Amino acid sequence: MLYWNSQSLPELSGLNFRERMAVIRRASDLLPVPKKLLLNVIKLAVLIPPFMAIARAATIPEALLWALLLVLVYPVLTRPITFLLVGPLLCQARHQLQITAAPTAE
């Protein structure tokens, strides 16, 4: 199943944004090299066409339009793929970071 934002990942329920990002970052560090390479190649495949369009743009407004499109589309395409690849490692990463959903009493 594809997830579009980190709030919808069941493994990260009960965590705030900063904690979710820390777990996702740790899980991406745990990715085996072939999967990490695949993820980076996919990200490059998404980035290269818009950058080529920006480089070939005839006018500044056209280049800015391509840049805006890149800023809007890049996360929409890459985040679900990232979540898909790191999904199996999220519980392990959360355990390693020892982030729990229970609040701490002070």
Side-chain angles (χ1 to χ4, degrees):
M1 181 172 181
L2 283 180
Y3 295 100
W4 297 97
N5 61 37
S6 62
Q7 289 177 327
S8 59
L9 291 165
E11 296 88 352
L12 302 181
S13 63
L15 300 180
N16 64 35
F17 178 76
R18 188 169 35 127
E19 292 168 338
R20 287 193 311 267
M21 291 302 107
V23 173
I24 291 169
R25 196 173 312 114
R26 179 66 183 143
S28 66
D29 290 343
L30 295 173
L31 274 175
V33 173
K35 284 189 178 183
K36 196 177 289 191
L37 179 64
L38 174 66
L39 180 59
N40 288 330
V41 167
I42 291 170
K43 288 179 179 182
L44 276 175
V46 171
L47 284 173
I48 290 173
F51 273 106
M52 293 298 293
I54 292 169
R56 293 177 186 224
T59 63
I60 291 176
E62 183 183 353
L64 291 175
L65 180 65
W66 280 109
L68 178 64
L69 183 66
L70 174 63
V71 168
L72 296 174
V73 171
Y74 180 78
V76 171
L77 294 177
T78 59
R79 288 180 66 179
I81 296 168
T82 301
F83 295 154
L84 181 68
L85 290 176
V86 301
L89 300 169
L90 289 173
C91 288
Q92 179 183 353
R94 184 174 179 171
H95 179 71
Q96 285 181 359
L97 292 173
Q98 296 182 339
I99 297 174
T100 60
T104 57
E106 293 181 23

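This one's a predicted model, so the numbers in the text were calculated from it and none came from an experiment.
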Co-membership, hydrophobic cluster, residues Leu64 and Tyr74, 4.5 Å side-chain
no
Of Leu9, Leu97, Leu89, which is the lone residue that meets side chain to side chain contact (heavy atoms under 4.5 Å, CB included) with Val23?
Leu97
Group every Ile, Leu, Val, Met, Phe, Trp and Tyr by side-chain heavy-atom contacts under 4.5 Å, then state whether Phe17 and Leu15 land in the same group.
yes
Report whether Leu38 and Leu90 are members of the same hydrophobic cluster (ILVMFWY, side-chain heavy atoms less than 4.5 Å apart, transitive linking).
yes
For the backbone of Lys43 and the side chain of Asn40, can you confirm whether one donor and one acceptor N or O come within less than 3.5 Å of each other?
no
Linking I/L/V/M/F/W/Y whenever any side-chain heavy atoms sit under 4.5 Å apart, do Phe51 and Leu68 land together?
no
Atom CH2 of Trp66 and atom CD of Glu62: how far apart are they, to the nearest 0.5 Å?
8.0 Å
Please examine the side chains of Glu11 and Arg94, heavy atoms only from C-beta on, and report whether any two atoms are closer than 4.5 Å.
no
Assigning hydrophobic clusters by single linkage (Ile, Leu, Val, Met, Phe, Trp, Tyr; side-chain heavy-atom cutoff under 4.5 Å), is Met52 placed with Leu47?
no
Contact between Lys36 and Ser28 at the side-chain level, heavy atoms closer than 4.5 Å - yes or no?
no
So, do Pro80 and Tyr3 sit near enough that their side-chain heavy atoms are less than 4.5 Å apart?
no
Okay, side chain of Glu19, backbone of Asn16: is any donor-acceptor separation there less than 3.5 Å?
yes
Rounded to the nearest 0.5 Å, how far does OG1 of Thr78 lie from CG of Leu39?
8.0 Å
Ile24 and Met21, any side-chain heavy atoms less than 4.5 Å apart
yes
For Leu72, I'd like to know if atom CG has over 12 heavy atoms of other residues, nucleotides or ligands within 6.0 Å.
yes
Would you find a donor on one side and an acceptor on the other, under 3.5 Å apart, between the side chain of Arg26 and the backbone of Gln96?
no
